[in-house]
Amino acid sequence: MAREKTLTLKINGRRETATLPSHRTLLEALRGMGHVEVKSGCEKGDCGACAVLVDGAAVDSCLTLAWTVEGRAITTVAGLGDADSPHPLQQAFADTGAAQCGYCTPGLIVAAQSMLNDNPDPDEDDIRLALGGNLCRCTGYTKVFEAVGQAAMAMKARGGDS
Amino acid sequence: MLGEFDLEIPDSIEEALELLAADDAPAPLAGGTNMLVDMRAGGTRPERVVSLARLEGVRWIAERDGRIAVGGGTTVSDLLQDERIAEHGASLVGAARVFAGQMVRNTATVAGNVAYGSPAADLVPPLMALDAGVTLMSKSASRTVPLADYFTGYRQTVRKPDELIAEISWPKRGAGMADLFYKLARRKGDAITVTGVAVSLALAGGKCAGVRIALGAVAPVVMRARKAEAMLDGQAPDAALIEAAARQAAQECDPIDDVRASAEYRRHTVHMLVRRLVGQAVEHLR
Ligand SMILES: Cc1cc2nc3c(=O)[nH]c(=O)nc-3n(C[C@H](O)[C@H](O)[C@H](O)COP(=O)(O)OP(=O)(O)OC[C@H]3O[C@@H](n4cnc5c(N)ncnc54)[C@H](O)[C@@H]3O)c2cc1C
């Protein structure tokens with residue numbers, strides 16, 4: 001039984017190959033492959049900084065073994081949009097000042113997108129429930145909830161794409 | 001960093017059971033939200049791990065033979081999005097809503113919550129109050145055990161190393177029945193339970209029937225307060241009786257002091273929460 005194998009991961013729509021040991025977490029794998037927009041925080045599922053989408057649902061990449069997501073669609077915050085063409089969530093976080101040091105922001109945006117995939121019309125309770133696994137230690141959460149609400153409205157207005 | 005281990009990722013439950021039948025009994029890994037945390041902390045160091053993450057046909061919810069059944073690989077998030085669970089397990093939905101944060105709920109499985117055997121596992125009190133049964137499957141056999149008999153001691157269960165929890169099911173709920181769960185913790189989200197209470201009962205002709213009171217995090221295992229249940233069964237629940245039953249439940253539990261709360265506080269909160277939840281269930285049905 002091998003303890004190392006070469007696998008193909010589908011990251012932000014591109015296929016990438018890496019040789020990884022069985023105990024490598026998705027977080028370690030992604031950062032090792034240059035996807036450093038995925039942040040490492042507590043490494044035990046408490047803080048949500050490492051959240052990525054796997055087939056559209058946010059998971060803590062620190063508690064996911066890389067081997068188990070072979071072939072699945074992995075999306076990091078950078079896969080949602082970039083500075084030239086920001087995703088509505090990214091735009092709303094910038095507009096409302098929902099990011100301060102920014103370390104928790106990738107995970108918050110990914111968690112918010114995961115919620116919007118199931119529920120494009122969230123109320124404040126839905127937003128709070130969806131973001132309960134993301135810790136921010138600088139700004140607090142009020143502007144974050146505002147940003148997510150704004151983004152949801154913007155996305156609905158333009159027909160729910162992306 | 002996690003230590004090294006052999007990892008197999010079967011596609012079918014049959015293959016997984018075949019692997020678990022090996023003499024050296026590899027450890028099953030589902031969502032990993034308990035086990036990978038433990039492994040990283042050095043608490044467990046399995047040599048061989050069988051991941052259940054890619055199994056086909058283990059993540060489902062069904063209604064059959066008068067029961068609601070849930071496949072072992074069903075996630076906590078799945079429970080929040082299903083009408084049948086909402087109708088026949090309001091207390092379970094209540095537990096799922098205060099369970100961890102979204103990312104953990106998206107991977108944490110129902111089987112993992114039960115199998116881990118923590119007295120603070122939040123799905124267990126509601127499932128126990130709903131009279132759930134646990135179906136264990138091995139390569140050669142399958143058996144169903146009442147959840148109330150599943151735990152034998154702190155983090156000890158009746159599961160044999162070659163068995164998997166395939167399914168958890170409970171009788172459908174009807175008119176005149178109510179079930180409620182309350183988790184007392186520091187915060188609503190992402191906090192470990194100090195005291196968890198689930199209550200299920202029916203009211204027929206003004207009298208309580210089928211009373212179940214399940215207590216979490218106040219004994220080595222999630223437990224039923226059977227003497228308190230018996231005080232209510234067959235009786236018309238007035239405030240004095242509910243108070244007496246709640247006091248009895250607090251007597252029956254066996255809490256410890258730990259970083260989250262003292263034993264005395266836990267006992268007090270059992271008294272208060274049982275009184276509140278039984279009262280609310282009765283109110284709701286009147
Ligand atoms: C940040 C954080 C917050 C949390 N918050 C809560 C909370 O609020 N409430 C709560 O109750 N729990 C909480 N937990 C604990 C954990 O998420 C749950 O217990 C979860 O349900 C475990 O499921 P899993 O699929 O991740 O199990 P795993 O970690 O994969 O496995 C747990 C155990 O179950 C066994 N197992 C898994 N599947 C099966 C199966 N089908 N058959 C037999 N054995 C099996 C494994 O061998 C292991 O011993 C939290 C965890 C974290 C990291």
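For the pair B:L7/A:L65, a side-chain contact is recorded, criterion being any heavy-atom separation below 4.5 Å from C-beta on. Using a 4.5 Å heavy-atom cutoff, the side chains of A:N134 and B:M103 are in contact. Contact check for A:L129 versus B:R105: side-chain heavy atoms found under the 4.5 Å cut-off.
No more than 12 heavy atoms of other residues, nucleotides or ligands sit less than 6.0 Å from atom CZ of B:R186. Sparse packing is recorded around CZ of B:R45, with 12 or fewer heavy atoms of other residues, nucleotides or ligands lying under 6.0 Å away. Surrounding CG of B:L19 are more than 12 heavy atoms belonging to other residues, nucleotides or ligands, all under 6.0 Å away. Under a cut-off of 6.0 angstrom, the local environment of OH in B:Y265 is sparse, with at most 12 non-hydrogen atoms contributed by other residues, nucleotides or ligands. Under a cut-off of 6.0 angstrom, the local environment of CD in B:E47 is sparse, with at most 12 non-hydrogen atoms contributed by other residues, nucleotides or ligands. Under a cut-off of 6.0 angstrom, the local environment of CE in B:M137 is sparse, with at most 12 non-hydrogen atoms contributed by other residues, nucleotides or ligands. For B:R97, the CZ atom is loosely surrounded, since the number of other residues' heavy atoms within 6.0 Å does not exceed 12.
Distance check: A:E43 CD to B:R40 CZ gives 5.0 Å after rounding to the nearest 0.5 Å. Interatomic distance, CG of B:N106 versus CG of A:D60, reported as 9.0 Å (0.5 Å rounding).
Here the side chain of A:S22 pairs no donor or acceptor atom with the backbone of B:D6 at under 3.5 angstrom. For B:E4 (side chain) and A:R3 (main-chain N/O), no donor-acceptor pair under 3.5 Å exists by modelled atom type.
Note on B:E8 versus A:K5: no salt bridge recorded, every NZ/NE/NH1/NH2 to OD/OE distance being 4.0 Å or above.
Ranked by non-hydrogen atom pairs under 4.5 Å with chain B, the options A:D118, A:V110, A:V54 are led by A:D118. Top candidate by heavy-atom pairs under 4.5 Å with chain B, chosen from A:G132, A:G45, A:A58, is A:A58.
The contact between B:T33 and chain A is made by backbone and side chain atoms together, counting heavy-atom distances below 4.5 Å. Looking at A:R24, the atoms closer than 4.5 Å to chain B (heavy atoms on both sides) all sit in the side chain, from C-beta outward. Using a 4.5 Å cut-off between heavy atoms, B:R187 does not touch chain A at all. Looking at A:T25, the atoms closer than 4.5 Å to chain B (heavy atoms on both sides) all sit in the side chain, from C-beta outward.
The minimum heavy-atom distance linking B:V37 with A:K44 is given by the pair CG2-O, 3.7 Å. The shortest heavy-atom contact between B:D190 and A:D46 is OD2-O, 3.2 Å. For B:R54 against A:T68, the heavy-atom pair with the smallest separation is NH1-O, 2.9 Å.
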